[in-house]
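Structure first, commentary second.
Along the sequence shown, the residues carry numbers beginning at 1. If you're wondering where the values come from, they're calculated on a predicted model, not measured in any experiment.
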Amino acid sequence: KEKLKYRESKKLSKKHIFLRVFSKITISVCVFCAFFISPVFASLPSGYTELEYIESTGTQYIDTGTIPTVSDEFEAEVSIVTDTSNSCFFGASTNFSWGRTNSSIALANATTNDIYFRYGNNPTTIIGRTTVGTNKTKASLIGTTLTIGATTATITRESSWSTEIPTLTLFKRNMIGAEITPTLVVGRMFSFKWFSNSTLVHNMIPAKRNSDSAIGMYDTVSGTFFTNQGTGSFIAGPVAEIKIATTKMVDDEFAAAEAKLATTVQTIESVVSRTITQTGQITTLHETKQTRPDESCPANMKCLLVQDEDGTPHWYPIIEP
């Protein structure tokens, strides 16, 4: 009886050792994922809620505080809510007199559900037009390629702006020296990216500031929350669904995190192996068809074999992920 009690206590203690080591592996992996992998997919910092879009009713706009150069590039996702002639989703322009030389860059609604891009030193330069209605449309000016929805055109880049140009604004075209008052767009903006010499200078994401429910665009490059500079308030779109970023930078970070995780798991497995060896246990992973000396391991599972000093076997089912 004493020998049986000894074997049972030995069996229990070894089972506890195995379960304790297994639980440590699980906890370590979870902590690693929380601290090293989760941040890769975070769009906004704590305190902000990402939205699918923000919508202007025709009186709201945002000043980016940045003056565009003649070679800058842009990507935006927008939609028209109400046709408003020559209203702009974003823009900047110097216009001393209509019909005379100006510098202008703008993505605008030309009415009848058309979106066009204005660029250059000629006030009538209109390039690319597509019918989109209220559907979300991606518009971009990258290099000399202009794309609006399914429409693509090639433009000629200006060598320089003929006159000083003001800061670029969203939901309207910022104009100085103009004889007309710029019209604000009635539309939605889903995203806005601005590149200078291939470097991302603004990455605007629709957002709500949780502390006061203010609606605006959060710039992930500068960490700045841009709010309405006009009157009234932006309309908040639905909360954005969780998205997994697919940029090369994120892919590289994920690969690095994955490599760290693999190294961590390998280290833990090494510790487990040493622990089992140091406690006098012998472990073997047996295939499912191998005969078991008792009924403690189901025939359709792999098991951990733990042998006492006298060779008495004990089998423990292993649950594989």
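- When atom types are taken as modelled, the side chain of Y119 and the backbone of V70 share a donor-acceptor pair closer than 3.5 angstrom.
- The backbone N or O of I235 sits nowhere less than 3.5 Å from a side-chain atom of E55 that would complete a donor-acceptor pair.
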Using atom types as modelled, flag every donor-acceptor pair under 3.5 Å from a side chain in residues 219-226 to any protein atom, sequence neighbours excluded.
| residue | atom | partner | partner atom | Å |
| --- | --- | --- | --- | --- |
| D219 | OD1 | N203 | N | 2.8 |
| D219 | OD1 | V221 | N | 3.2 |
| D219 | OD2 | H202 | ND1 | 3.0 |
| D219 | OD2 | S222 | N | 3.4 |
| D219 | OD2 | S222 | OG | 2.7 |
| T220 | OG1 | N203 | ND2 | 2.8 |
| S222 | OG | T224 | N | 3.4 |
| S222 | OG | T224 | OG1 | 3.0 |

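- Of the possible polar contacts, none joining the T112 side chain to the D114 backbone as a donor-acceptor pair under 3.5 Å is found.
- A donor-acceptor pair under 3.5 Å is absent between the side-chain atoms of E73 and the main chain of S71, judged by distance alone.
- One finds the CE atom of M204 at 6.0 Å from the OG1 atom of T64 (value rounded to the nearest 0.5 Å).
- The aromatic rings of Y218 and Y48 sit tilted relative to each other, their planes meeting at an angle between 30° and 60°.
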Q: List the steps, then state whether side-chain hydrogen bond (donor to acceptor under 3.5 Å, both in side chains) holds for S79 with R188.
A: CA-CA 5 Å; S79 69; R188 297 171 180 174; 4.7 Å; no
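- In summary, the aromatic rings of F234 and F171 are positioned with their centroids under 6.0 Å apart.
- The CZ atom of F74 sits 15.5 Å away from atom CZ of F89, with the distance rounded to the nearest 0.5 Å.
- Inter-residue side-chain proximity for T84 and V186 is flagged as met; some heavy-atom pair is nearer than 4.5 Å.
- Listed for the S140 side chain is no donor-acceptor partner under 3.5 Å among the backbone atoms of I142.
- W194 and V185 fall within a single hydrophobic cluster, where Ile, Leu, Val, Met, Phe, Trp and Tyr are joined by side-chain heavy atoms under 4.5 Å apart, directly or via other members.
- Using a 4.0 Å cut-off between a side-chain N of Lys or Arg and a carboxylate O of Asp or Glu, E77 and K138 do not qualify as a salt bridge.
- No hydrogens or angles considered: nothing links the side chains of Q60 and N228 as a donor-acceptor pair under 3.5 Å.
- For the pair E50 (side chain) and I205 (backbone), a donor-acceptor distance under 3.5 Å is absent.
- The residue from P166, P182, P68 that alone fulfils the side-chain contact (heavy atoms from CB on, under 4.5 Å) condition with N174 is P166.
- Neither side chain, D83 nor T111, offers a donor N or O lying under 3.5 Å from an acceptor on the other.
- Residues T144 and T156 are not in side-chain contact: their nearest non-hydrogen atoms beyond the backbone lie 4.5 Å or more apart.
- For T169 and D63, the side-chain atoms include no donor-acceptor pair closer than 3.5 Å.
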